[in-house]
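Labels below follow one simple rule: chain letters A, B, ... track the order of the sequence lines, proteins then strands, and each chain is numbered from 1. Nothing here was measured: the structure is a model prediction, and the numbers come from that model.
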Amino acid sequence: MQERYDAAAIEEKWQRQWEERDTFVVREDPDRQKYYLLEMFPYPSGRIHMGHVRNYSIGDVVARFKRMQGLNVLHPMGWDAFGMPAENAAIQHGTHPARWTRENIAHMRSQLKKMGFSYDWTREFATCDAEYYRWEQLIFLKMYEKGLTYKKSSFVNWCEPCQTVLANEQVEDGRCWRCDCEVEQKELEQWFFKITAYAQELLDETFHLKGWPEPVLTMQRNWIGCSTGCEIDFAVEGSGTVIKVFTTRQDTLYGATFMSLAPEHPMALELASAERRRGVEAFIAKVRRQDKTGRASGDYEKEGIFTGSYCTNPVTGDSLPVYLANFVLMDYGTGAVMAVPTHDQRDFEFASRYGIPKRLVIQPDGGVLTSETMTEAWIGSGRLVNSESFDGLDNETAKEKIADYLESRGIGRKRVNFRLRDWGVSRQRYWGTPIPILYCDGCGTVPVPEQQLPVLLPQDVRISGEGGSPLTQHESFLYTVCPNCGGRARRETDTFDTFVESSWYFVRFASPREHNAPFDRVAAEYWLPVDQYIGGIEHAVMHLLYARFFTKVLRDLDMLAVDEPFRNLLTQGMVCMETRSCPEHGWLFPEEVEEGCCSKCGRKVTLGRNEKMSKSKKNVVDPDQLIGRYGADTARLFSLFAAPPEKDLEWNEQGVEGCYRFLNRVWRAVYENMQDLAFTETVNEDAFAGRVLRRHTHRTIRKVTEDIDGRFHFNTAISAIMELVNTIYAFEAKKQCPSALREALETVVLLLSPFVPHLCEELWQLLGHSGGLEQAGWPNYEAAALTEDEKTIVVQVNGKVRGKVTVVADADQETLKAAALAEENVLRFIKNKTVRKVIVVPGRLVNVVAS
RNA sequence: GCCCGGGUGGCGGAACUGGUAGACGCAAGGGACUUAAAAUCCCUCGGCUUUUAGCUGUGCGGGUUCGAUUCCCGCCCCGGGUACCA
């Protein structure tokens, strides 16, 4: 055995062995318990960053742990390869998105391999493979047949000078990130998935996903946003039309004194009176210039305009002015809100601003509110007033009674409304899955026949960033023959939202080479659902909700008998690092800073706050350098030791140093004890020292097993192993207790192996085992080895620690109490006081209450 | 704005169900070994004080409790998401 720990040599050796022996290649085996472990696959941005290292290190610990426990572990990896950055790179550097993406994948694959992650690489695929996206097109066609996808118009961010649609992140303060021109809202016909048809089921199932973090479920419930209320008809005066509103506060209907509509409401213009029309048009145009995100998040001042029309409050008969208001969104409810200034704060402010009357209809218990003296809306409960026959009812009862009354009169109906909107999947972009639809002058919208799939994304395009998607100008792609009438047809040029690819990739991994269908049903039903899914908290709602939706769609298309895709979910925090900037050169990479100064100009560098690592702010650490200097095992260990998975992780180079030192310490612990381990005969094994070491060994097995399994407290698991290593170093009775020493060392190697597999495989072999770690299996602790003879109990007086007593481990309450009251320092504190009460927590503490 | 988290020494974090606050590691200081350095090993390490001990301390202000980092109420700050970044 070599004296020095040589990470590079060991890692290369074992990575080669794993590859040559297909160690992590799996297939379905009905006789073995399966375990499907999945980490969110990466976008191939160029190089892996510490967020990936962390995510995939976490996953690999679980994969290796479960394998050691004897499970049949599926642990695949692939690439979420369509998306905007590839197009941005094409615009900036002229590289074709396909080439850019393939090169990035090649580099990132080699980086992941150097980390020693235990993937079944035979299952790898990229979503930009036609062999993948063709099946996505097929699923779309099946959804189309079933009426789960449809077209409607909706608004997009539009930059007129660039002639292109902008993503929300490309809009900065309402301006285009490239040309800095004002962004406007443009109406386009777009494809949607009917996720709202699944709103109730998606919501109901959140109450059964026991393996998901509660905050994620809460976020999904709030996102789906189920509310029960009424749809109420308000007749427009002097016309035969009605405005339908949705409200959850029908108990305040008698207090409705105006109506507010979204500026995009289809009736907005027709309601404008002749003399107000120009003002209304100007207002609508103004709101269109406000970007969607900003409007929804209340960045803009709340304002509105009177249309000149009135509608009738169906219960009071009062005439209500109809306004357009920028804070009313067409996407929610009916796009029209009955406004009750006295009981809704937004309406209160709006009414005050525009001089609209207020009418109090709910009086809080014991309160004496009047509409004239109110300074804010009363949104709490109370009894109805000014509401005719409903006066005196508490408002919750009134909700029910008024809903019944509206239904009986035919002017309203009870309704459940979801905040969740249908999923718009059209993107006016090149680098995505083509939507398999044709438009024929004679036949209209025609789905591409299944046997003509895939609709291949053409490669011969130039991407300029101007004039929209190059597909709209690609003649041979654009024009084809209508399968119905044989006439000329034009292809859909929109591509899918990339969330569509990530909504079913976990199913494809079960049979990634299947050539006749999206997946092999038997394989998929063997592996699914995913037993443990691991990824960033930023995906808590959208990706995870879409994936759940898709799984249910596949089920209803009779393709897969699975209701929920992910049994257990772990959401990890961000990896952060401080930012650095130079007054001359802007953001700087860490390696561009020398002794606090910019390496380019020598100016003093300003340190910024800690932020999520991102290429744009250059606060990134390249794992390659880390692996080069310390090895993959150290990089893995540090990313796991520095913080628990769900918390944000702040980068700190010195912590890495410590982890590297620890691995050296483990290496030396084996190296230096090799001689002593050679003694196999048991000499005086019952010695007290040996029993103490064994107790620590078995306590560590229990602790590490509990920390890994289900709780993912890797940082404390590693701490516990460090403590055992410290104990081994301090263990003096090596010659007397060689088998206790061997047991302790081998336990360290086994427990540490999911974290630092290369080092541990090597040490396991050096310790004389030929079978490898997976064959060795995960150790079990012996309950008998854990028993203690004595325990130290804390004694408090009035809740403050005043002493400690050592008693036999199973001491009863009376013994504890007596020992506590006899403790010297405790006596000092209860002198001249009366003992009122003594609280005994067995095995922990005694608290003497005295006054 | 709305929804979801988080805030503990010089730093990362620990304390699992209300029961010793600061495990483990980093940094720092002191010492040993060495011609020297690296590596390694040992000791100290929240603050304050009258230092075998006491007071104080988990973002801030209250509350519940024998006892609160943990539970409740009200604030402040930071992070994530907010439907076209993935």
Inter-nucleotide P distance (C77(B), C72(B)), Å rounded: 22 Å
Neighbour count >12 (heavy atoms, 6.0 Å) for atom CD, E824(A): no
Trace of the side-chain contact (heavy atoms from CB on, under 4.5 Å) decision for Y198(A) with R548(A): CA-CA 10 Å; Y198(A) 288 81; R548(A) 293 181 60 214; over 6 Å; no
Residues that W79(A) engages under ring pair (Phe, Tyr, Trp, His ring centres under 6.0 Å), provided they are two or more places apart: none
Base-contact (B) and sugar-phosphate-only (S) positions in nucleotides 51-59 of chain B, heavy-atom cut-off under 4.0 Å, - elsewhere: --SSSS---
Spacing between H543(A) atom NE2 and A86(B) atom P, to the nearest angstrom: 13 Å
Atom-to-atom span, CD of E87(A) to C1' of C85(B) - whole angstrom: 13 Å
Non-neighbouring partners of H696(A) that pass side chain to side chain donor-acceptor pair (under 3.5 Å), sequence neighbours left out: T727(A)
Can you give me the N/O atom pairs linking the protein to nucleotides 38-49 of chain B at distances under 3.5 Å, or say none if there are none?
from   : atom 1 : to      : atom 2 : distance (Å)
U40(B) : O3'    : R668(A) : NH2    : 3.2
C41(B) : OP1    : R665(A) : NH1    : 2.3

Euclidean distance for C1', G19(B) against C24(B) (whole angstrom): 22 Å
Donor-acceptor pair between N222(A) and R419(A) side chains, under 3.5 angstrom: no
Donor + acceptor pair across side chains of Q185(A), N157(A) (<3.5 Å): yes
Base-paired stems in RNA chain B, each at least three Watson-Crick or G-U pairs under 3.5 Å: B:1-7 with B:76-82, B:10-12 with B:24-26, B:28-32 with B:40-44, B:46-49 with B:53-56, B:59-63 with B:71-75
Taking every non-hydrogen atom, the tightest pair across S469(A) and Q428(A): CB-O, 3.7 Å
All salt bridge (charged side-chain N to carboxylate O under 4.0 Å, His left out) counterparts of R221(A), not counting sequence neighbours: E214(A)
Interface residues of residues 219-227 of chain A with RNA chain B (non-hydrogen, below 4.0 angstrom): M219(A), N222(A), W223(A)
E169(A) (side chain) and C84(B) (base): donor-acceptor pair under 3.5 Å: no
Nearest-Å distance once atom C1' is located in both A14(B) and U34(B): 37 Å
Partners meeting ring pair (Phe, Tyr, Trp, His ring centres under 6.0 Å) with Y132(A) (sequence neighbours left out): F125(A), W504(A)
Criterion side chain to side chain donor-acceptor pair (under 3.5 Å) on R828(A) and N825(A), from CA distance to verdict: CA-CA 5 Å; R828(A) 217 156 62 79; N825(A) 201 39; 2.9 Å; yes
Partners passing salt bridge (charged side-chain N to carboxylate O under 4.0 Å, His left out) against R421(A) (at least two apart in sequence or in another chain): D331(A)
Distance in Å, R702(A) CZ paired with D707(A) CG, rounded so as to fall on 0.5 Å steps: 11.0 Å
Test ring-ring contact (aromatic ring centres under 6.0 Å, His included) applied to Y546(A) and W423(A), F496(A), F193(A), the passing residue: W423(A)
U40(B) and G25(B), which share atom name P, separated by this distance in whole Å: 13 Å
Could you go through nucleotides 66-69 of chain B and list every protein N or O atom that sits under 3.5 Å from one of its N or O atoms, giving the distance for each pair?
from   : atom 1 : to      : atom 2 : distance (Å)
C66(B) : O2     : N847(A) : ND2    : 2.4

Residue R844(A), side-chain atoms from C-beta onward, closest of G25(B), G6(B), U20(B): U20(B)
Same-atom distance (C1') from U8(B) to U69(B), integer angstrom: 7 Å
Side chain of R421(A) (C-beta onward), nearest among C24(B), U20(B), A83(B): A83(B)
Results of side chain to side chain donor-acceptor pair (under 3.5 Å) for K734(A) - residues two or more places apart only: N673(A)
Sorted by number, the residues of residues 713-721 of chain A with heavy-atom contact under 4.0 Å to RNA chain B: N715(A), T716(A), S719(A)
P atoms of A37(B) and A32(B), separation to the nearest Å: 12 Å
Rounded distance in Å - CZ (F549(A)) to C1' (A83(B)): 14 Å
Nearest-angstrom distance, C1' atom, C45(B) to A23(B): 15 Å
Gap in Å between the two C1' atoms, one belonging to U58(B) and one to G46(B), rounded: 11 Å
Gap separating the CZ atom of R802(A) from the CG atom of L827(A), nearest 0.5 angstrom: 13.5 Å
